[in-house]
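Scroll down for the structure; my scribbles are underneath it.
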Amino acid sequence: MLLNRKSVFTILIFFVFTLSNGQVSICSWNLMNFGKSKSDTELAFIAKILNDYDVVTIQEVVAGDGGSKAVYRLVAILNNKGLKWDYAISNPTTSANHSSRERYAFLWKTSKVKKIGASWLELNYQEEIDREPFMSTFEFKGKQFTIASFHAVPKKKNPESEIKYFKLIPALYPKLNLVFMGDFNCPQSNSVFNPLKKMGYLNIIENQKTSLRQKCINNDCLASEYDNMFYYSIKIKRIQSGIVPFYKSFLTVKEARKISDHIPIWGIFNLK
């Protein structure tokens, strides 16, 4: 049940985005089981959050038609808020385990950024990575950046065994300005990210949990530091970054988890 008051995160977003003129804002959100199970009310709540960003990446879109239709419904709501949004949805990932296959989605404001060419699933390591990243290049004020959106296998399945291949992706696309983001099911402090960091890729948040507990413990409702973005600091400057603690708009974390078991992360950037 939503609280009948202005939430903390709404005030925070208003403050942050008054500072974002001239920069591009990006949001990444694992929207748990994003498909036909999401109600119109839940989609409207999600759209209210996402409307403040220029580019959005969504992980855990269900692989069936229900996932694609949920993205269409979400974009329709966003398009009723005054600015034109476009979107790209991936094919289902190519996991050998059919039950773990998912889609990804990109959403963007056409007045703020332009998508360059087709989006694609990165298939070079599809045998090694269960849900291969979904990639797309965007242009902002004449400069381009390419997002690789990713949802790692769960912690118990050793996501490090997948993430270690990310150090090889920049060499595949030496001309692209890459930004890796999503749900890594692994904290940025893990040594598996060290090769990327040594190349100049920096994480946007640190010591910040991003997944929701089943129940809050002493008002602590967050469980693990799983979601992040890694940007190429030689070509991109981070201006600000943070999270959206949307669960504070609900009476219980159980109600909040109907939206997702992860909170959104965001970054505001200058392209060098």
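All of these numbers come straight from a predicted model, not from anything done at the bench.
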- Item | NZ (Lys36) with more than 12 external heavy atoms under 6.0 Å | no
- Message: Any carboxylate oxygen within less than 4.0 angstrom of a Lys/Arg side-chain nitrogen, looking at Asp220 and Arg213?
- Response: yes
- Check whether more than 12 heavy atoms from other residues, nucleotides or ligands sit under 6.0 Å from atom CD of Gln214, and answer yes or no. no
- Compute the ring centroids of Trp29 and Phe246, then answer whether they are less than 6.0 Å apart. yes
- Phe150, Tyr201, Phe193 screened by ring-ring contact (aromatic ring centres under 6.0 Å, His included) with Phe230, the one that passes: Phe193
- Short side-chain donor-acceptor distance under 3.5 Å, Gln188 and Tyr226: no
- Give the ring-plane orientation class for Phe166 versus Phe184, where under 30° counts as parallel, over 60° as perpendicular and anything between as tilted. perpendicular
- Message: Would you say Lys237 and Gln23 are linked by a side-chain donor-acceptor pair, where the criterion is simply a distance under 3.5 Å?
- Response: no
- Task: For Lys155, look at atom NZ and say whether over 12 heavy atoms of other residues, nucleotides or ligands are found less than 6.0 Å away.
- Result: yes
- Query: Listed by chain and number, what are the side-chain hydrogen bond (donor to acceptor under 3.5 Å, both in side chains) partners of Thr93, not counting sequence neighbours?
  - Reply: none
- Is there a donor in the side chain of Gln59 and an acceptor in the side chain of Asp183, or the other way round, less than 3.5 Å apart? no
- Item | Asn97 versus Ser99, side-chain donor and acceptor atoms under 3.5 Å | yes
